Amino acid sequence: DGEFRGYKAKAYLKDESVVAKNHLGRLEDQLNRLREEHRTLKAQLDASGGYDEATSKEMKAIYQEFLKVRAEIEKMKALPQ
C-alpha cells in the first residue's frame, strides 16, 4: 500500500500514515455531518407530529449511511498504527 522508494535491493516503502489520518479525519467530518442532518430531520419529523413519511424515509437512509461510515472509522481505528 506504500509508494516504492529507493533501490530494489533495499526495497523499503514510504510511510503513508498521514494519508490514513487525513482519510480518517474526512470520515469523522462526514459522520458529524450525517449526525447533524439526522438531527435536523428529526426536528422536522417531530414538528409534523411524526407522520411525515418522506422525512422518515430520508432519516432512515441517512442513518444507514451513518452506520456504514461509523463501521469504517472503527475498522480504521482498530488497525495497528
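Here the structure is a predicted model, which means the values were calculated and not measured. Keep in mind that the numbers below use all heavy atoms, side chains included, and drop hydrogens, waters and symmetry copies. Numbers for residues simply follow the sequence, beginning at 1.
- Between L41 and L45, every side-chain heavy-atom pair lies at or beyond the 4.5 Å cut-off.
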After noting the C-alpha distance and the side-chain angles of E37 and R33, does the key distance pass the salt bridge (Lys or Arg N to Asp or Glu O under 4.0 Å) rule?
-> CA-CA 6 Å; E37 285 181 28; R33 180 186 54 79; 2.5 Å; yes
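- Between R70 atom CZ and R35 atom CZ the span is 8.5 Å, to the nearest 0.5 Å.
- Put simply, the side chain of R26 reaches to within 4.5 Å of the side chain of H23, judged on heavy atoms.
- In this structure, CZ in R39 is found 15.0 Å from CD in Q44, a value given to the nearest 0.5 Å.
- If you take CG on L31 and NZ on K68, they are separated by 14.0 Å, rounding to the nearest 0.5 Å.
- Remark: the backbone N or O of D52 is not paired with any side-chain donor or acceptor of S56 at under 3.5 angstrom.
- Two residues are said to be in side-chain contact when any heavy atoms from C-beta on lie closer than 4.5 Å; Q30 and L27 meet this criterion.
- Not counting sequence neighbours, E58 has no partner by the side-chain hydrogen bond (donor to acceptor under 3.5 Å, both in side chains) test.
- Residues E72 and K75 are not paired through a salt bridge, judged by the lack of any N-O separation under 4.0 Å between the basic side chain and the carboxylate.
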